[in-house]
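These notes concern the structure reproduced below.
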Amino acid sequence: MSIDIYQKCMLLLEQRTVICEGIRSGFKRHQLYLELFSDIETDTSNPKNRYDLVNTEVINSIKKYPHLQIEIEKKKSGFHPYIVLREKLRNISVLVLPLATKKDMFDSASTYRMNFSVSNIPRLIEEGLPEDSSDIDIQYQRAMHPLGAENYPFGLIVVYDPHDGSIREGALLPDHTDWIFLEDTTSMVLSNSLDNVKPINVYKDSDDIKIPFKETARQTDEDIPLKLKFDPSV
């Protein structure tokens, strides 16, 4: 699978920079909170407070740069509030969630994350993933939609380590058993951070927004072999 197919469904460089800056600002506010309330002996609000502050700062960061074409939706799954970032020009949605770097997956499946990723494989096929490629093992059923990328939203997840703030960007399989891809994007931001975010047309094809993927044992110069898992019960 060509890395170009991944890149069609990932954040552009400026978008990634703005979201990363929001995450880091949320960590700074959380650190201030810890310093102000350092005398609390049993602070059970700590993880929730960090989560809320990160979400708040991500929203604030995105609102400063409307030219990036990212809309913000506030949603709730049961008693769990969360935000969805939607880039409608490419039909991509983004969740921002905590996940420690040492962990490969979330503790448990969730309905909203599974619904969020249900169209990921059909979307990749629409973007050029070969259905009969000998390099991949893929089973799926197309959703009952008309064909076309506009009918298959792609669900990205930006995960940050709640301890050190490192950031990864990935996409889940529809059955939530594994990642389609998960890349460390901590350093994949513009130099001088938001100082370089300018009101330009970010959707023009340009070499300056290409994502430098790391080399892995499963990559060649041309393709990334990909084993996708599928659960027929989903």
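Bear in mind that the values here come from a model prediction, so they are computed numbers and not experimental data. What you see below is based on every heavy atom in this structure, not just the backbone, and it leaves out hydrogens, waters and symmetry mates.
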Kindly say whether [Y] contributes a backbone atom to a donor-acceptor pair with the side chain of [X] at under 3.5 angstrom?
{"X": "Ser61", "Y": "Glu57", "value": "no"}
{"X": "Arg24", "Y": "Gly165", "value": "no"}
{"X": "Arg29", "Y": "Thr56", "value": "no"}
{"X": "Asn49", "Y": "His30", "value": "no"}
{"X": "Arg168", "Y": "Asp161", "value": "no"}
{"X": "Glu127", "Y": "Cys9", "value": "no"}

Of all heavy-atom pairs between [X] and [Y], which one has the smallest distance, and what is that distance?
{"X": "Val96", "Y": "Tyr51", "answer": "O-CE1, 4.4 Å"}
{"X": "Asp184", "Y": "Met188", "answer": "O-CE, 3.6 Å"}
{"X": "Ser119", "Y": "Pro153", "answer": "CB-O, 3.3 Å"}
{"X": "Pro162", "Y": "Phe27", "answer": "O-CE2, 3.7 Å"}
{"X": "Asn120", "Y": "Phe116", "answer": "OD1-O, 4.4 Å"}
{"X": "Trp179", "Y": "Asp104", "answer": "NE1-O, 2.7 Å"}

Quick one: are Leu124 and Phe154 in side-chain contact, heavy atoms under 4.5 Å?
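They are in contact (side-chain heavy atoms under 4.5 Å apart), so the answer is yes.
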Check against side-chain contact (heavy atoms from CB on, under 4.5 Å), Val94 and Gln15:
CA-CA 11 Å; Val94 184; Gln15 295 170 336; over 6 Å; no
Are Leu95 and Phe181 connected into the same hydrophobic cluster when the rule is that any two of I, L, V, M, F, W, Y join if their side-chain heavy atoms are below 4.5 Å apart?
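Cluster IDs for Phe181 and Leu95 match.
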Is it true that Val118 and Leu97 fall in one hydrophobic cluster, defined by side-chain heavy atoms closer than 4.5 Å?
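As far as the 4.5 Å side-chain criterion goes, Leu97 and Val118 are not connected within one cluster.
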Quick check for you: to the nearest 0.5 Å, what is the distance between [X] atom [atom1] and [Y] atom [atom2]?
{"X": "Tyr65", "Y": "Glu14", "atom1": "OH", "atom2": "CD", "result": "10.0 Å"}
{"X": "Ile59", "Y": "Ile72", "atom1": "CD1", "atom2": "CD1", "result": "5.0 Å"}
{"X": "Leu190", "Y": "Leu13", "atom1": "CG", "atom2": "CG", "result": "4.0 Å"}
{"X": "Arg16", "Y": "Met10", "atom1": "CZ", "atom2": "CE", "result": "5.0 Å"}
{"X": "Leu11", "Y": "Ile70", "atom1": "CG", "atom2": "CD1", "result": "6.5 Å"}
{"X": "Leu99", "Y": "Phe106", "atom1": "CG", "atom2": "CZ", "result": "5.0 Å"}

Run the numbers on Ile23 and Val158 for side-chain contact (heavy atoms from CB on, under 4.5 Å), then give the verdict.
CA-CA 10 Å; Ile23 293 173; Val158 175; 3.9 Å; yes
For residues 67-82, which residue pairs pass the salt bridge (charged side-chain N to carboxylate O under 4.0 Å, His left out) check, not counting sequence neighbours?
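Salt bridge (charged side-chain N to carboxylate O under 4.0 Å, His left out) check on residues 67-82 returns Glu71-Lys88, Glu73-Arg86.
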Give the C-alpha distance, both sets of side-chain angles, the deciding distance and a yes or no for side-chain contact (heavy atoms from CB on, under 4.5 Å) between Ile167 and Ile19.
CA-CA 10 Å; Ile167 299 170; Ile19 292 173; over 6 Å; no
Quick one, Leu172 with Met105, criterion side-chain contact (heavy atoms from CB on, under 4.5 Å). Give me CA distance, side-chain angles, the key distance, then yes/no.
CA-CA 10 Å; Leu172 290 168; Met105 184 56 68; 3.7 Å; yes
